[in-house]
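Below you'll find the structure, written out as structure tokens, and then a few comments.
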Amino acid sequence: MIRLGFVLLLVSFLVIQPQQSEAVCGYESCPETKSNMVNVHLVPHSHDDVGWLKTVDQSYYGFKNNIHHAGVQYILDTVVMELISDPKRRFIQVETYFFAKWWREQSETTRRIVTKLVNEGRFEFTGGAWSMNDEAAVNYQGVIDQFTVGLKFLNETFGACARPRVGWQIDTFGHSREQAAIFAQMGYDGQFFSRMDHNDKDTRLENLSMEMIWDASESLSEVKLFTGMLYNFYSDTPGFCFDVLCNDDPIIDGKSYDNNVESRVDDFISYAATVSKHYQANHIMIPMGGDFQYEDAKVNFKNMDKLIKYINERQAHGSKYNIFYSTPSCYLNALHQSLQTWPNKTQDFFPYAHEPNSFWTGFYTSRPTQKRFERDGNHLLQTVKQLSVFAKLSSDQQNKDLDYLRQIMGVMQHHDAITGTERQAVSDDYDRLMYDAIVGAGNSARDALRLLTNLPNGEFESCLLLNISECAFTKDSADNVVVTLYNPLAHNSTQYVRIPVKEDNYEVNDENGNGVASEIVPVPWQVLAMEHRANDTQHELLFKATANKIASYYIKKIDNPKKAHTIKKVEPHAEDSDTVVQNSLIKLVIDNKSGRLRTVEMNGVSENIEQNFGVYKTRASCAYTFRQDGDIEVVQDNVEFTVYEGDLVKEVHQQMNEWISQVIRIYEGVNRVEFEWMVGPIPIVDNVGMEIVTNFRSEISSNGVFYTDSNGRELMRREKDKREDFTSDLSRQPISGNFYPVTSRLALQDNEKRLVLLNDRSQGGASLQNGQLEMLLHRRLMFNDGGGVGEALNEEQYGKGLIARGKLFLVLSSIKEKNSRTERLAEKEIHLPFYKFFSKDSSESRNAMPQSIPDFNDFPETVHLLTLEPFNDDEILLRVENFVDHTEGNVVSFNIRQIFDSLGGEEIRETTLDGNLPLSEMKRFKFPAKASGVLPPTAVEYSKAVYNPLEADKHQEGSEFSVTLHPMQIRTFIIKRK
């Protein structure tokens with residue numbers, strides 16, 4: 001305590017005193033290197049999972065260390081103290097969630113010390129998002145949002161010196177091309193990671209391609225990112241973990257019998273020599289840290305100080321090794337200055353396998369209900385952000401509730417949250433955090449809607465159990481209920497709405513009193529049979545609704561059954577071999593004998609499509625990996641099915657076996673087939689786990705080629721058993737080694753037809769045979785992998801295996817029609833459908849005058865309102881996206897002056913993708929890729945925005961507000977309002 005007090009007093013004095021020279025940060029603060037030596041960049045870091053084996057709070061406070069030793073608050077305490085004592089020391093901080101939590105607890109003196117360290121480049125933020133997000137199961141909207149939250153905190157707290165220049169995705173289980181594109185569009189100069197398929201890594205080690213230039217977009221040629229792979233994972237050099245959590249030998253110097261300086265230095269130089277053989281430049285980066293290390297940072301730094309001292313002393317005797325404290329950005333800067341060309345990369349790094357029997361493809365689907373809950377959280381977040389802008393919500397509580405949901409959604413992007421690779425207790429805590437955040441933000445939505453509708457006293461309650469056709473607001477009665485729909489999309493949308501109700505007669509009217517066609521649809525009996533479901537409502541009221549931004553529909557119970565419509569149960573004819581279910585756009589043929597789908601006809605195309613469910617039995621799958629013990633076992637039971645037909649919807653209710661059921665739906669006027677599956681409780685027999693899939697078999701000649709989305713954006717071409725840069729060892733796991741992450745779309749085609757599946761959450765998908773698409777829906781496992789999460793993925797609820805319910809959507813089309821553009825429109829509608837709010841009808845308040853809302857319908861059809869949110873007290877963030885790729889659409893231009901004026905705009909400036917750096921100030925490292933005839937550069941090169949960033953104010957002509965978007969381009973603006 002005496003030493004700590006002395007250091008704090010001393011540093012307080014140093015901080016307060018005027019500095020003789022202005023401190024520098026960023027690349028200017030990087031240590032000097034030596035051109036005639038191997039420069040070893042030693043990077044102290046701690047990898048701090050935002051939840052994994054312990055909850056986020058337990059990991060921060062150091063609670064329950066019997067589970068896993070982790071106490072982030074102590075790490076930051078001791079790191080700061082050790083950085084103070086030597087200006088050469090460096091440390092990188094990655095997870096802004098933990099740092100922000102720690103920062104709020106610090107005294108003014110400590111804050112000034114940390115600010116000084118940041119301003120001198122000694123405490124450097126790397127990555128900088130709220131958490132280190134996963135790259136397989138995330139949607140790009142959630143990733144961009146959580147970077148915006150993290151970088152905004154850093155910018156507001158420290159300014160420009162805290163802005164990261166490098167991504168640090170060291171623990172994600174594979175790497176997506178879209179993540180690289182996001183880094184590039186935020187102005188980052190590069191990224192580093194440490195997980196790569198073992199065959200890929202072996203190949204790259206051999207041909208010196210561990211560092212590369214990643215072409216991160218097929219549509220945006222300027223979106224490239226330097227990407228580097230660490231030599232030995234992200235943990236310490238083998239034998240040189242000096243942390244208190246490790247048992248490696250310290251460096252013993254002085255006149256001690258145990259003096260080991262010579263052997264320790266020999267070993268490290270030998271290791272550095274091995275590493276340097278596999279990298280192009282005379283620079284290597286060696287991370288010094290690991291999971292939750294540096295809790296007693298003086299131990300780490302004291303030994304690293306000695307290592308640096310004694311290695312560099314050998315230079316006087318001819319050693320060519322120069323070692324020093326550094327950071328990933330300083331290492332990248334050195335590579336940039338080395339004036340070299342680099343290998344090129346175009347595809348992604350999925351799937352990841354660390355050995356032939358371990359493809360990490362199971363986590364694409366692990367914890368399917370939590371993956372869906374994360375989507376629900378994002379859905380509300382986008383809704384509340386937009387509503388907050390329109391209603392100009394500004395109270396402290398409203399801002400707090402919105403920020404909390406933003407932050408919890410940032411937590412949920414973490415690579416052990418959205419992935420489902422956390423322990424069950426941590427998963428439960430994530431659910432708690434999500435629920436609390438949703439409830440709080442729902443209050444803000446209510447406050448906004450009371451201003452923006454003619455219902456100033458409306459309850460505007462949400463129903464979080466609509467996935468099982470349950471809603472507390474309508475369980476007793478749906479009479480005189482108002483359903484207010486919010487449309488987060490830019491354009492006017494028409495969608496079907498389903499409301500849980502009792503079996504009565506109802507009429508539905510829009511805001512103008514016009515009657516709206518509706519039908520009463522039975523809830524599947526399998527849903528009613530769920531033990532934990534309250535069965536007050538056993539039907540759903542279905543109607544077709546249209547909303548620009550906000551629309552209310554009024555439900556009233558009536559006595560006249562002639563005005564109400566209940567869909568009819570249709571009995572198949574015994575003499576017929578098939579049952580035909582069709583509307584004006586789609587025709588389905590069900591085989592009466594098997595009860596399965598046989599044929600789909602739509603978009604002028606007919607195709608034999610058989611859908612099955614199947615099981616891969618496994619004794620060795622875990623939360624991360626999918627290890628099948630044998631071939632798929634198709635559920636062979638004859639399917640019991642019932643057909644219901646109405647004017648608005650036609651449904652086929654199927655019972656596949658005791659624990660798998662499904663409803664196939666076609667809605668009038670909707671050009672896709674909906675498959676609402678329900679799986680569980682998955683039985684456990686002989687302690688064998690099960691992986692549950694559904695597959696769609698067609699006669700399309702796909703030749704092993706299929707396509708998956710990259711985080712909801714561009715499509716990636718896949719080919720069975722093939723990789724871009726290497727040969728994958730599929731000898732032990734030929735099935736799981738062909739699964740890829742699907743966050744929105746899985747497709748295949750030939751020269752005539754195209755078959756597509758759209759989904760409502762992240763899942764693993766594959767095409768294991770020509771013409772077949774397969775999706776992994778649910779998992780229940782018995783194997784404890786022993787090295788990762790430490791428990792089996794055996795989700796239970798109410799003492800039984802977890803039941804999961806979700807949706808797939810099928811589209812069949814002609815290649816000539818180029819319907820992939822339509823698929824993208826459907827993706828947006830599935831990802832952000834109408835958000836439903838419920839109130840009691842109070843006719844006396846319908847004369848209230850709501851506030852006006854901007855109209856975004858003038859946006860071109862392919863322009864998506866990606867983000868509209870309060871940014872600061874007097875600023876709004878607006879993000880627009882041209883969501884088609886270069887094969888599907890063209891450059892579009894439109895004017896946003898009307899939106900600017902309707903939002904009360906005074907000024908507008910364009911920023912990088914994250915919203916925190918003016919685009920005019922973006923200056924990125926440019927690294928030339930190796931190519932025929934390309935010579936190494938003679939001077940360092942940089943890239944800037946390829947067009948003039950938009951900057952204007954209200955006094956300028958409307959023409960100054962023109963926005964041009966190339967296919968796949970996203971542009972971000974900050975609007976300063978009155």
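What you are looking at is a predicted structure, and each value in this text was computed from that prediction instead of being measured.
The structure places CG of L405 at 4.5 Å from CG of L381, a figure rounded to the nearest 0.5 Å. The distance from atom OG of S329 to atom CZ of R90, rounded to the nearest 0.5 Å, is 9.5 Å. Atoms NZ and CZ, from K88 and F301 in turn, are 14.5 Å apart once rounded to the nearest 0.5 Å. Here the OG-CD distance, from S235 to Q293, works out to 8.0 Å after rounding to the nearest 0.5 Å. If you take CD on E211 and CE on M285, they are separated by 7.5 Å, rounding to the nearest 0.5 Å. Remark: L154 CG to C161 SG distance equals 12.0 Å, nearest 0.5 Å.
The salt bridge (Lys or Arg N to Asp or Glu O under 4.0 Å) test applied to D253 returns K306, not counting sequence neighbours. Residues passing the ring-ring contact (aromatic ring centres under 6.0 Å, His included) test with F363 are F173, sequence neighbours excluded. Looking at residues two or more places apart in sequence or on another chain, you find no salt bridge (Lys or Arg N to Asp or Glu O under 4.0 Å) involving E313. Applying the salt bridge (Lys or Arg N to Asp or Glu O under 4.0 Å) rule to D243 yields no partners; only residues at least two apart in sequence or on another chain are considered. Here Y140 pairs with nothing under the ring-ring contact (aromatic ring centres under 6.0 Å, His included) rule; sequence neighbours left out. Listed by chain and number, the residues in a salt bridge (Lys or Arg N to Asp or Glu O under 4.0 Å) with D291 amount to none (sequence neighbours excluded). Listed by chain and residue number, Y231 satisfy the ring-ring contact (aromatic ring centres under 6.0 Å, His included) test with H278 (two or more places apart in sequence, or in another chain). Scored by the ring-ring contact (aromatic ring centres under 6.0 Å, His included) test, H283 finds H41 as partners (sequence neighbours excluded).
Of the charged side-chain nitrogens involved, at least one lies within less than 4.0 Å of a carboxylate oxygen, so that R432 and D429 count as a salt-bridged pair. Taking the charged nitrogens against the carboxylate oxygens, D57 and K101 do have a contact shorter than 4.0 Å, which makes a salt bridge. At a threshold of 4.0 Å, the pair K54-D49 does not count as salt-bridged, since none of the basic side-chain nitrogens sits closer than that to a carboxylate oxygen.
Here side-chain hydrogen bond (donor to acceptor under 3.5 Å, both in side chains) pairs that include residues 166-176, with residues two or more places apart or in two chains, are H47-D171, E135-Q169, E135-T172, E135-H175, D171-R195, D171-H415, T172-H175, S176-N711. Applying the side-chain hydrogen bond (donor to acceptor under 3.5 Å, both in side chains) definition to pairs two or more places apart or across chains, those involving residues 254-273 are D266-R314. Counting only residues at least two apart or on different chains, the salt bridge (Lys or Arg N to Asp or Glu O under 4.0 Å) pairs with a member in residues 149-159 are K152-E156. Sorted by first and then second residue, the pairs that involve residues 404-422 and meet salt bridge (Lys or Arg N to Asp or Glu O under 4.0 Å), not counting sequence neighbours, are R367-E422, D403-R406, R406-E869.
Using a 4.5 Å heavy-atom cutoff, the side chains of K116 and R112 are not in contact. Looking at Q73 and Y60, their side chains come closer than 4.5 Å, going by heavy atoms from C-beta outward. Side-chain contact between F226 and F192: present, with at least one pair of heavy atoms (C-beta onward) separated by less than 4.5 Å. Counting heavy atoms from C-beta outward, T972 and T911 have side chains that approach closer than 4.5 Å. Within the 4.5 Å cutoff, the side chain of F99 has heavy atoms near those of the F123 side chain. Residues P164 and L151 meet the side-chain proximity criterion, which asks for heavy atoms closer than 4.5 Å. You'll find the side chain of F268 reaches within 4.5 Å of the side chain of T237, heavy atoms only. In this structure, the side chains of W130 and V50 stay at 4.5 Å or more apart for every pair of heavy atoms.
In this structure a side-chain-to-backbone donor-acceptor pair under 3.5 Å is present from E791 to Q424. Using modelled atom types, one side-chain atom of T96 and one backbone atom of A129 make a donor-acceptor pair closer than 3.5 Å. D248 places no side-chain N or O within 3.5 Å of a backbone atom of F242 that could act as its donor or acceptor partner. Between the side chain of Y331 and the backbone N or O of I286, no donor-acceptor pair lies under 3.5 Å. Within the 3.5 Å criterion, the main-chain N or O of K34 finds a donor-acceptor partner in the side chain of N39. Under the 3.5 Å distance criterion, the side-chain polar atoms of N65 are matched with a main-chain donor or acceptor of A70. Formation of a donor-acceptor pair under 3.5 Å by the R111 side chain with backbone atoms of W103 is found in this model. Between the side chain of Y97 and the main chain of V56, no donor-acceptor pair closer than 3.5 Å is present. Here the side chain of S131 pairs a donor or acceptor atom with the backbone of G410 at under 3.5 angstrom. Distance alone, capped at 3.5 Å, places no donor-acceptor pair between the S194 side chain and the L230 backbone.
Checked against the 6.0 Å centroid criterion, the rings of Y27 and F925 qualify as a close aromatic pair. Taking the six-membered ring wherever Trp is involved, the centroid distance between the rings of F158 and F125 falls below 6.0 Å.
Closest approach of E374 to M434, counting heavy atoms only: CA-CE, 3.7 Å.
For K201, the NZ atom counts as densely surrounded, since its 6.0 Å shell holds more than 12 non-hydrogen atoms of other residues, nucleotides or ligands. For N36, the CG atom is densely surrounded, since the number of other residues' heavy atoms within 6.0 Å is greater than 12.
By the 30° and 60° cut-offs, the orientation of the rings of W214 relative to F349 is perpendicular.
For the residue pair T109 / S107, no side-chain donor-acceptor distance below 3.5 Å is found, with atom types taken as modelled.
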>> Is there a side-chain hydrogen bond (donor to acceptor under 3.5 Å, both in side chains) between N133 and Q179? Walk through the geometry before answering.
In response: CA-CA 9 Å; N133 63 267; Q179 179 73 46; 2.8 Å; yes
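When E120, E124, E82 are each tested for a salt bridge (Lys or Arg N to Asp or Glu O under 4.0 Å) with R89, only one passes: E82.
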